[in-house]
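Here is the structure we will look at.
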Amino acid sequence: MLTIPFLRDFKEEALKRLNLKNFTNHSLIDEILGLDDERRLVQKENDDTLAAMNQIAKEVGSLFKIGKAQEANVLKEKNAELKEKSRILAEKLELLKEQIQVRLVEIPNAPHLSVPAGRTAADNLIVASSGQMPQLPANALPHWDLISKYDLVDFELGNKVTGAGFPFYKGKGARLQRALINFFLDQAIAAGYQEVQPPLLVNEASAYGTGQLPDKEAQMYTVGLDNLYLIPTAEVPVTNIYRDRILQENELPVKNVAYSNCFRREAGSWGKHVRGLNRLHQFDKVEIVQIAHPDTSYEVLEEMRAHVAQLLDRLELPYRVVKLCGGDMSFASALTYDFEVYSAAQQMWLEVSSVSNFEGFQANRMKLRIKDKNGQIQQAHTLNGSALALPRIVAALLENNQTEEGINIPQVLHQYTGFEKI
RNA sequence: GGAGAGAUGGCAGAGUGGUUGAAUGCGGCGGUCUCGAAAACCGUUGUUCUACUAUCGUGGAACCGGGGGUUCGAAUCCCCCUCUCUCCGCCA
């Protein structure tokens with residue numbers, strides 16, 4: 001979340017940036033600042049009361065020590081009054097803090113000033129594109145047909161065992177997935193990321209820390225009995241490693257990569273754009289996460305973007321990079337690049353990666369900070385990106401590389417798949 | 001799941017009602033010494049909120065797993081929760 005000092009001291013900038021996300025509830029911010037002014041007054045009064053009480057308690061102690069019990073008893077009564085006063089003030093203070101908090105979490109992250117204004121995906125900015133658009137014959141098959149033709153993924157079986165959106169991968173389909181996972185992990189490790197294997201279930205504090213709670217609760221599967229959430233992305237556990245931590249500046253940048261299953265309820269999604277592998281309730285993803293100094297986080301973002309681009313280049317997939325407009329960005333992000341690959345048989349661009357800088361938005365929530373070389377505490381910036389999400393990559397690979405003789409596997413994967421053709 | 005023990009600062013570890021934000025050691029930082037380093041010695045060493053201050057800073061409040069209670073006063077006493085360890089059971 002945004003901090004009150006930012007909203008107070010850089011109000012004009014905050015409003016300008018929030019406008020990019022079509023957040024125009026300026027009165028909410030005024031309300032927060034008003035409540036905070038009140039909070040400071042009440043806190044000051046309570047602190048003064050407590051200080052007086054502490055003073056009296058000390059005096060009572062020394063009076064008893066020298067045997068002046070009567071004088072001590074007078075002071076004790078005085079303290080009883082102060083205690084009641086402080087109790088009321090403390091209650092008021094808690095209430096104010098709560099009111100501030102409730103309002104603060106409703107404010108999305110302020111986008112970077114370079115973010116294009118806009119409301120929908122149509123307003124996004126294509127900032128790069130790369131790769132050869134495949135020329136497929138007229139009878140080319142979409143990946144869901146290729147999947148049945150070569151028996152790579154079994155949706156029916158998933159329906160039976162679990163439900164829609166939980167497919168089984170079989171034979172070469174399973175092997176291809178495993179190959180991609182290993183390829184992505186190896187590439188990230190080569191780029192300096194440390195591999196971690198995170199838990200797939202997280203607690204409430206973690207879901208809150210990265211911003212899934214409170215507003216995106218419906219997106220996650222819950223384990224009610226134990227009050228846990230299935231992760232929608234490895235970003236959640238991996239970023240929360242650093243919750244409640246103060247990192248030394250020389251520990252930066254922190255670079256972690258994790259492969260995980262991801263679970264998303266995707267409530268309200270249906271229709272042919274979710275066919276086949278386009279949208280699933282459970283899927284695999286390799287995620288890169290960095291924690292960076294505020295001065296360099298946008299360089300880090302570009303570095304991550306380049307990493308993702310390079311993966312797609314090696315997979316020989318045509319793609320474009322989209323800078324999301326304010327209206328299409330997530331609540332928590334300050335700047336997001338989406339990577340879309342062209343799935344030639346569907347003739348659709350499929351989002352396979354989202355690379356974002358959250359600036360201090362997540363860090364504030366999870367109390368992650370940096371101590372710089374002067375001993376000053378400051379905000380940390382968190383970033384993450386898919387590198388990459390598997391199902392749509394598989395879809396594009398199958399569709400784009402289909403031939404009369406079978407499906408060609410890109411060269412970089414041969415050593416991982418053990419076969420060159422399906 | 002059953003029984004017991006415990007949770008203190010970056011780490012180790014004292015502290016069982018009164019200047020204790022907390023002894024001591026280690027680590028970290030600064031200095032003396034040295035050509036330099038080590039050793040030794042000296043000093044320093046958390047976080048959050050807040051008032052005053054141009055700044056350095058000074059003062060106040062809170063924090064000894066989390067929450068509540070007793071008391072003039074709680075790291076210290078009481079209650080609840082969470083977690084960790086040991087033993088037993090179960091088990092990939």
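Note on naming: letters A, B, ... go to the chains in the order of the sequence lines (proteins, then strands), and numbering restarts at 1 for each one. These numbers were taken from a predicted model, which means no experiment stands behind them.
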Using the P atom in both, what is the distance from B:G73 to B:C63, to the nearest Å?
-> 13 Å
Pairing partner (Watson-Crick or G-U wobble, both distances under 3.5 angstrom) of B:A23 = none
For B:U16, which nucleotide in any strand shown is its Watson-Crick or wobble partner with both distances under 3.5 Å?
-> none
Who are the side-chain hydrogen bond (donor to acceptor under 3.5 Å, both in side chains) partners of A:Asp30, not counting sequence neighbours?
-> A:Lys11
Walking RNA chain B from its 5' end, the first of A:Glu77 and A:Asp36 to be reached, judged by nearest nucleotide, is A:Asp36
Would you verify whether the NZ or CZ of A:Lys172 falls within 45 degrees of the ring axis of A:Phe419 while also being under 6.0 Å from that six-membered ring's centre?
-> yes
For B:A92 versus B:A74, give the span between their C1' atoms, rounded off to a whole number of Å.
-> 47 Å
Take atom C1' in B:G18 and the same atom in B:U76, then report the distance between them in whole Å.
-> 12 Å
Roughly how far apart, to the nearest Å, are B:U58 and B:A75 at atom P?
-> 25 Å
Using purine N1 to pyrimidine N3 plus N6-O4 or O6-N4 for Watson-Crick, or N1-O2 and O6-N3 for G-U wobble, both under 3.5 Å, which nucleotide pairs with B:G65?
-> B:C81
Is there a donor-acceptor contact under 3.5 Å linking the side chains of A:Ser354 and A:Asp338?
-> yes
Taking the same atom, C1', in B:A22 and in B:G15, what whole-Å distance lies between them?
-> 8 Å
Ring pair (Phe, Tyr, Trp, His ring centres under 6.0 Å): pairs with one or both residues in residues 184-226 of chain A, sequence neighbours excluded = A:Tyr193-A:His307
Touch class at under 4.0 angstrom, heavy-atom based, for A:Asn54 against every strand present = sugar-phosphate
Can you tell me, in whole Å, how much space there is between the C1' of B:A14 and that of B:C64?
-> 13 Å
For A:Lys83, answer base if it contacts any base atom (sugar-phosphate contacts may also be present), sugar-phosphate if it contacts only those atoms, and nothing otherwise; contact means non-hydrogen atoms under 4.0 Å.
-> base
What distance, rounded to whole Å, do you find between the two P atoms, one in B:U16 and one in B:A62?
-> 23 Å
Count the heavy atoms of every other residue, nucleotide or ligand shown that sit under 6.0 Å from CZ of A:Phe10, and state whether that count exceeds 12.
-> no
Pairs flagged by side chain to side chain donor-acceptor pair (under 3.5 Å) wherever residues 158-167 of chain A is involved - sequence neighbours left out | none
For B:A74, which nucleotide is its Watson-Crick or G-U wobble mate, given both distances must be under 3.5 Å?
-> none
At the 4.0 Å heavy-atom cut-off to chain A, mark where contacts on RNA chain B begin and end, going 5' to 3'.
-> B:G18 to B:G73
Heavy atoms under 4.0 Å, any strand shown: does A:Lys97 hit a base, just sugar-phosphate, or nothing?
-> nothing
Please figure out whether A:Ala52 or A:Gly61 has its closest RNA chain B nucleotide nearer the 5' end.
-> A:Gly61
Sequence neighbours excluded, every pair satisfying ring pair (Phe, Tyr, Trp, His ring centres under 6.0 Å) that has a member inside residues 359-386 of chain A = A:Phe331-A:Phe361
Which part of the nucleic acid does A:Asn79 contact within heavy-atom distance under 4.0 Å: base, sugar-phosphate only, or nothing?
-> sugar-phosphate
What interatomic distance, in whole Å, is found between P of B:G10 and the corresponding atom of B:C88?
-> 35 Å
Should B:A3 form a Watson-Crick or G-U wobble pair with both distances under 3.5 Å, which nucleotide is its partner?
-> B:U86
Please give the nucleotide sitting opposite B:G30 as a Watson-Crick or G-U wobble pair, both distances under 3.5 Å, or none.
-> B:C42
Listed partners of A:Phe168 passing ring-ring contact (aromatic ring centres under 6.0 Å, His included), at least two apart | none
For B:U58, the Watson-Crick or wobble partner whose two distances fall under 3.5 Å = B:A51
Base, sugar-phosphate alone, or nothing: which one does A:Ile56 contact when heavy atoms must sit under 4.0 Å apart?
-> nothing
